[in-house]
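Notes for the one structure printed next.
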Protein chains: 2
Amino acid sequence: MPLSPSFPELAALDLYASVVEHGSLGAAARAHGIAQPSASSRIKNLERQLGVQLLERSPTGSKPTPVGIVVAGWADAILRAAGELEAGLTALKAEEQGRLRIAASYTIAEYLLPNWLGRFLTDHPEDTVSLDVENSTAVLRGLEAGEADLGFIESPIDVPEMDETVVATDRLVTVVSPTHGWTRTPKITLAELAATPLVMREEGSGTRDALVEAIRDAGHGEPTSVLELGSTSAVRSAVITGNAPTVISRLAVADDLAAGRLVEVEVAGLEIERDLRAVWLRSHPLPRPAADLLRSLGA
Amino acid sequence: MPLSPSFPELAALDLYASVVEHGSLGAAARAHGIAQPSASSRIKNLERQLGVQLLERSPTGSKPTPVGIVVAGWADAILRAAGELEAGLTALKAEEQGRLRIAASYTIAEYLLPNWLGRFLTDHPEDTVSLDVENSTAVLRGLEAGEADLGFIESPIDVPEMDETVVATDRLVTVVSPTHGWTRTPKITLAELAATPLVMREEGSGTRDALVEAIRDAGHGEPTSVLELGSTSAVRSAVITGNAPTVISRLAVADDLAAGRLVEVEVAGLEIERDLRAVWLRSHPLPRPAADLLRSLGA
DNA sequence: TGAAGGTCATAGCTCTGGACTATGAGTTCA
DNA sequence: TGAACTCATAGTCCAGAGCTATGACCTTCA
């Protein structure tokens, strides 16, 4: 569902955040490299679009109104998400040219790398990072071919000439919307899960394969799907607004769980964990930026 | 720090998300009520701004490229945050006119209510909600004066004529950036925390008071601050980019913890929990929309 | 095979809206 | 009292995004 057509633009929210931070329209204008009257009119326009007054203007500066404070918090969340896109994209765009060349699988690239890179680039402004998103085998191939310095993958490797270290853990979790009956049950059995139609990814997805295998190994046959969707975020949305459970990467729903949009359900006997690993060629000493990045991950 | 000046606008990201969802530019254009060539040029412009090709166009439709898939995920996170602002603001704007009138404290209004309301309004499109953001005493006063049907507060109440139910729990957590030494220590003592300069809110903030009290009660004197900031999000940012710990509401940093931008540190003997409660006047039967909302929270 | 119904891109026109400069009014402070 | 801030208004200008019309390409089906 598209946003309302009169929803303010990112540039306006960004400017507003700066006004709150600096305490004046003029200072925010300077920070954004625009003229003060432009800032003034942009904020006025923002208030018109949102339909509320955000600022108390005075000859000594501008302070957010009570409503403005709440809006500033929400705007901050949007801008943070935008900052991640920017950080991630910078690396994606750098392609082969970065000083630190990373190859990573989808899940890691989407949910973890933008943060890691953002932090890394703040600490090491002189470095540049390039990112390639591929599946695990392609990541390993890229390392062997010398096209990447550091790889991030989701499965254990079996390659003697590579070193590895675990940098994070992912787990498949069973989640439902907060109104679902399972939120009031202490623990679901694997048989119950297997008997319940789920929202699922299409066939061939790694997540789906792992779940099917776990249920089959436990002797409960095949899980059935009530809906099959082509992307993780489509599955998320369907579960939030619908009434069917799904089994999904915890990374993909971490913020939904934190915010209460989704609730995790414990399933007895279902424990699908995977370590997320950094890998690199043992024969080459780890380049300095790569070692710095690993260190900043606490690895 | 402002976003890059050529950062794409929300409208463009929103349109792109629709293209990925519908599989064609024309269909997305229809969903947004614009002409197909406008969508075409907007997406082309988006690709120019981001500097990457997002779509594989063909006479049968458009599919995201590998890069496009990753970008779609990031864009989705931005749009979700924008949706929350929209949901929250709709209620704020409704002021006194909503059928369900809510009064809530800042923390709940900022971090929880947009979700709750978004879900509630999806399930009950015929209802309207108005929201007032105030401190706890004002919330109770609003209920007594009949200006609100349902209140949300962070402290226990002591008013016999009110009913209440716990809808969520907040906890003050000690957090540091992932590079901080404490991430490698099993457990910090309260004395250590008290002896370490912290990033803090200004004096008078509820969070700060609770912490000071806990440390004083344990006989460790007064905590010191290395930096005092006026808003929760400013504290968050300072801890993420800096090297000092803070003690902060878990709700405010839930996504940072999930994404690894911040790490929680356990402090022996520091356990500051508060139940977040819905409250209402016992004398009035809870209006139907209010009861619906509480039910959708699982309360 | 050819017409119908999809896809997307290009061309050319229109006009809105945001940016700028210049100015003025209000407040604080030395 | 004047300098140095604050913000708002007025007037001008032009880039950019929207629209319609059209054409090329592909698939489907009678």
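Reminder, nothing fancy here: chain letters follow the sequence lines and each chain counts from 1. The figures that follow rest on heavy atoms only: side chains count, while hydrogens, waters and symmetry mates do not. Treat the numbers as computed from the prediction; the structure is a model and nothing was measured.
- Distance from the side chain of B/Pro37 is smallest for D/dT20 among the nucleotides D/dA17, D/dT20, D/dA8.
- Rounded to whole angstrom, the span from the CG atom of A/Leu15 across to the P atom of D/dC7 amounts to 11 Å.
- Between A/Arg208 and A/Glu228 there is a salt bridge, with a side-chain nitrogen of the basic residue lying less than 4.0 Å from a carboxylate oxygen of the acidic one.
- Note on A/Arg30: only backbone sugar-phosphate atoms sit closer than 4.0 angstrom, heavy atoms only; bases stay farther off.
- Atom CG of A/Leu54 and atom P of D/dC7 are 14 Å apart (whole Å).
- For the pair A/Arg261 and A/Asp255, the salt-bridge criterion is met [side-chain N within less than 4.0 Å of a carboxylate O].
- For A/Asn45 and C/dG17, the shortest distance from a side-chain N or O to OP1 or OP2 is not below 4.0 Å.
- Across the protein-nucleic acid pair, A/Leu25 atom CG and D/dC5 atom P stand 16 Å apart, rounded to whole Å.
- Put simply, A/Ser40 has a side-chain N or O that comes within less than 4.0 Å of OP1 or OP2 on D/dA8.
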Base-contact (B) and sugar-phosphate-only (S) positions in nucleotides 24-30 of chain C, heavy-atom cut-off under 4.0 Å, - elsewhere: --BSS--

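- Under 4.0 Å is where a charged nitrogen must lie from a carboxylate oxygen, and between B/Glu21 and B/Lys63 no such pair does.
- Between B/Arg42 and D/dG18, a side-chain N or O to OP1/OP2 separation shorter than 4.0 Å is present.
- Atom CD of B/Glu9 and atom P of C/dG17 are 15 Å apart (whole Å).
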Let me have the donor-acceptor pairs involving side chains of residues 118-125 of chain A, under 3.5 Å, with sequence neighbours excluded, atom names and distances please.
{"from": "A/Arg119", "atom 1": "NH1", "to": "B/Gly260", "atom 2": "O", "distance (Å)": "3.3"}
{"from": "A/Arg119", "atom 1": "NH2", "to": "A/Ser296", "atom 2": "O", "distance (Å)": "3.4"}
{"from": "A/Thr122", "atom 1": "OG1", "to": "A/Gly118", "atom 2": "O", "distance (Å)": "2.6"}

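- B/Arg48 places its CZ atom 15 Å from the P atom of C/dA9, with the value rounded to the nearest Å.
- Between the side chain of A/Tyr16 and the main chain of A/Gly68, a donor-acceptor pair closer than 3.5 Å is present.
- Shown here for B/Glu110 and A/Gly73, the closest heavy-atom pair between the two residues is OE2-CA, 3.1 Å.
- You'll find that the side chain of B/Lys44 is closest to C/dT10, out of C/dC8, C/dC20, C/dT10.
- Per the geometry, CD belonging to B/Glu56 stands 16 Å off C1' belonging to D/dC26, to the nearest Å.
- Ring to ring, B/Phe152 and B/Trp116 are close: their centroids are under 6.0 angstrom apart.
- The residue B/Ser24 sits close only to the backbone: its heavy atoms come under 4.0 Å of sugar-phosphate atoms, none of a base.
- Residue A/Ser41 is out of contact with every strand shown, counting any heavy-atom pair closer than 4.0 Å.
- Between B/His32 atom NE2 and D/dA17 atom P there is a gap of 16 Å when expressed in whole angstrom units.
- Counting to the nearest Å, the P atom of C/dC8 and the OH atom of B/Tyr16 are 14 Å from each other.
- In this structure, B/Arg57 reaches the C/dA9 phosphate: one of its side-chain N or O atoms is under 4.0 Å from OP1 or OP2.
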